Amino acid sequence: MTSPFADLLAANRSYTEGFALGDLTGLAAKGLGVLTCIDSRIEPLSMLGLQPGDAKIVRNAGAQLTDDALRSLVVAAQRLSVRRIMVVAHTDCAMSPTEAAVRADVERLRSSAEMPAGTIVAGFFYDVKTGLLHPIDD
Ligand SMILES: [Zn+2]
């Protein structure tokens, strides 16, 4: 019986043939953390002009700042060179996030006692029809 993951393992073997990321460190080269949704229409690196190694990406349904997402972003800021964080919700999301919810998550990140002083946090909405990011004013 063929593994339901056989196609993916075959693709991975092909991936290793040109693998060039082995010298990356675990630090975020661009000092960026991104919290965004699991939606398959979102390509966090591409939409921001980034490469592997540039940013720490945290994803969950609705780009919500859950306790675990907060923990991951705090670790990224404390230990992995993250100095600025984008909270990126999107249009046509199954979780129907609001700008108010994104603002509240941005504020929670900014006011977290564990977040290193000086960490910059901002909220955005990503338009899945155009690919454009819209800043959410606070
Ligand atoms: Zn979504």
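One is the number of the first residue; the rest follow in order along the sequence. Counting starts at 1 for both ligands and their atoms, following the listed order. Computed from a predicted structure; not experimentally measured.
Annotation: protein N, O or S atoms under 2.8 Å of the Zn ion (ligand 1) (waters excluded) comprise C37 SG, H90 NE2, C93 SG.
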(request) Let me see the working for R71 and D68 under salt bridge (charged side-chain N to carboxylate O under 4.0 Å, His left out), right down to the final yes or no. (result) CA-CA 5 Å; R71 181 191 61 82; D68 189 63; 2.9 Å; yes
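Side-chain atoms of Q78 do not come within 3.5 Å of backbone N or O of P116 as any donor-acceptor pair. Within the 3.5 Å criterion, the main-chain N or O of A77 finds a donor-acceptor partner in the side chain of R83. For the pair T36 (side chain) and A63 (backbone), a donor-acceptor distance under 3.5 Å is absent.
For the residue pair T66 and Q64, no side-chain donor N or O sits within less than 3.5 Å of a side-chain acceptor on the partner.
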Below 3.5 Å, can you tabulate the donor-acceptor pairs from side chains in residues 17-32 to any protein atom, sequence neighbours excluded?
| residue | atom | partner | partner atom | Å |
| --- | --- | --- | --- | --- |
| T25 | OG1 | L27 | N | 3.1 |

